[in-house]
2 protein chains.
Amino acid sequence: MVIRLLLADDQVLVRDALAALLDLESDLSVVATVGRGDEVVGAARAHAPDVCLLDLEMPGLDGVEATSAVRAALPGTRVLIVTTFGRPGYLRRALDAGAAGFVVKDIPAAELVEAVRRVHAGLRVVDPTLATESLLGGTSPLTERETEVLRRALEGAPVARIAASLHLSPGTVRNHLSSAIGKTGTTTRVEAARTAQDRGWL
Amino acid sequence: MVIRLLLADDQVLVRDALAALLDLESDLSVVATVGRGDEVVGAARAHAPDVCLLDLEMPGLDGVEATSAVRAALPGTRVLIVTTFGRPGYLRRALDAGAAGFVVKDIPAAELVEAVRRVHAGLRVVDPTLATESLLGGTSPLTERETEVLRRALEGAPVARIAASLHLSPGTVRNHLSSAIGKTGTTTRVEAARTAQDRGWL
DNA sequence: GGCCGGGGATGACAGCTGTCACGGGCAGGT
DNA sequence: ACCTGCCCGTGACAGCTGTCATCCCCGGCC
């Protein structure tokens, strides 16, 4: 009785390497690998995996959206997020989307294998260091508009361009930015955008 | 006659996975793995690898610095950069530092294995798509000071803080920023910093 | 010597930013 | 009906930014 796995990661080499590693285990078998979030559900339908290992950063659909899609299309399939970034906010959103586990790419291979087995057994697997940070970081205090504005401020765009791209008045954009700067405890919009991103609020 | 490999990557899982993948090849053998740039030379001395596979982003020393260190300490050892980011400037600096090859983590496993064999055989291996972009991007037109100032502008710090951290007058910092903005064809310092980073000028 | 590029600095000026006060509209609670 | 929170907008104001002109010093080069 082997556990059937689907692997999704945008970097081909990482995908191949993880496949090689997981296939070394006698009770695991990689039955499909994809490089885009929007290919996950199709591949899952075709190959009926027990567990999907998803990266968060993928073209098409991101990992969280792909998780929702898998849970909706194939409720019996379990999802384990395997990601580079340990942003606390991602953890919360991934679990909300129905992920059964969340680990960063900074764990030894043996722990990943163990995580896969636990997830398949119906247990939740959460990176312990992130779990505490998640509670510490808390939910985003930003409103929807503030989030939207901050996201476009990340690259340093001037207010005029942000306002135009959102069809808003420049004054309104500045108000949202000012509010976001206050909530993040920073002094410029770029700093606000970066710290918000670090906390997973974007 | 097997090719002895040293693997350096800050993410344990990626390291383990690549090791598993490369060990599948009968003519390759991973003899050491490290997670920090400043551990590369020590491990290389201890295990005498033929080829070092280095990530660019590592704590301690980055991949380019580690390459220089390996070339200086063990001239016979060849270095292959294996990295996530295909920034053209990185390629140039890596080759200048003495790397024999440069590939991104977006290639199939078979190509990585082939790259290792070519590097060991004394050939240069360069990701072809990056090679053209590298010539297109060209050398950085930024002066040393401009580079320094831009690097600190990346996170959105105000001029006053940049000036203080470099022991410069605020006016001078603004002059450097203005010049850098002109050279990058942007309108704000954060945009200038980001495009400069994209082109590997930082 | 004369010339040029880089670094450092000052002063001035238009325009952009961040803050605040204030107004209005719209949903969700009590 | 009332209050609260979010959204959108305006106007004003101090302060920051980006640009430009103009200095100075220094080292390299013809």
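FYI, side chains are in, hydrogens and waters are out, and symmetry mates aren't considered; it's all heavy atoms of this structure. Given the structure is predicted, the values throughout are model-derived calculations rather than measurements. Below, chains carry the letters A, B, ... as their sequence lines are ordered, and counting in each starts from 1.
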Study note, to complete from the structure: From CG of B/Leu142 across to P of C/dG7 the rounded distance in Å is 10 Å
**Study point:** Residues A/Leu54, A/Leu80; criterion side chain to side chain contact (heavy atoms under 4.5 Å, CB included); working and verdict
**Key:** CA-CA 6 Å; A/Leu54 306 185; A/Leu80 173 61; over 6 Å; no
Review point. Looking only at side-chain N and O atoms, does A/Arg174 come under 4.0 Å of OP1 or OP2 in C/dC16?
Key: no
Study note, to complete from the structure: B/Glu191 CD to D/dG18 C1', in whole Å, measures 13 Å
Review point. Has B/His176 got a side-chain N or O lying under 4.0 Å from the OP1 or OP2 atom of C/dG8?
Key: yes
Practice item. Establish, with yes or no, whether the OP1 or OP2 oxygen of C/dG6 is under 4.0 angstrom from a side-chain nitrogen or oxygen of B/Arg145. Key: no
Review point. For the side chain of A/Asn175 and the base of C/dC20, is some donor closer than 3.5 Å to an acceptor across the two?
Key: yes
Practice item. Carefully, step by step, assess A/Arg15 and A/Asp55 under the rule salt bridge (charged side-chain N to carboxylate O under 4.0 Å, His left out). Key: CA-CA 10 Å; A/Arg15 220 156 70 211; A/Asp55 191 8; over 6 Å; no
Practice item. Could you tell me the separation between the CG atom of B/Leu177 and the C1' atom of D/dC20, rounded to a whole number of Å? Key: 15 Å
Practice item. Starting from C1' on D/dT17, measure out to CD1 on B/Ile181 and report it in whole angstrom. Key: 8 Å
Exercise for review: Could you check whether A/Thr172 gets within reach of a base, just the sugar-phosphate, or nothing at all, counting any heavy atom under 4.0 Å?
Suggested key: base
Point to revise | Atom pair distance, as rounded to whole Å: CG in B/Leu166 and C1' in C/dA9 | key: 15 Å
Revision key, fill the gap. Atom CD1 of B/Ile162 and atom P of D/dG18 are separated, to the nearest Å, by 9 Å
Study note, to complete from the structure: When rounded to whole Å, the CD to P distance for the pair A/Glu144 and D/dG5 reads 18 Å
Review point. What is the distance from CD of A/Glu146 to C1' of D/dC8, rounded to the nearest Å?
Key: 13 Å
Review point. Any side-chain N or O of B/Thr143 under 4.0 Å from OP1/OP2 of C/dG5?
Key: no
Review point. Does B/Glu25 use its side chain to pair, donor to acceptor, with the backbone of B/Leu22 at less than 3.5 Å?
Key: no
Review point. Which part of the nucleic acid, if any, lies within reach of B/Pro158 when heavy atoms closer than 4.0 Å are counted: base, sugar-phosphate only, or nothing?
Key: sugar-phosphate
Review point. For B/Glu191 and B/Thr187, does a side-chain donor sit closer than 3.5 Å to a side-chain acceptor?
Key: yes
Study note, to complete from the structure: Side-chain contact check for A/Arg189: nearest option of D/dG18, C/dG18, D/dC7 is C/dG18
Review point. When you check the phosphate oxygens OP1 and OP2 of D/dT17, does a side-chain N or O of B/Thr188 lie under 4.0 Å from one of them?
Key: no
Check your understanding: Out of C/dA12, D/dC8, C/dG18, which nucleotide sits closest to the side chain of A/Ser178?
Key -> C/dG18
Exercise for review: Identify whether the distance between the nearest side-chain nitrogen and carboxylate oxygen of B/Arg145 and B/Glu148 falls below 4.0 Å.
Suggested key: no
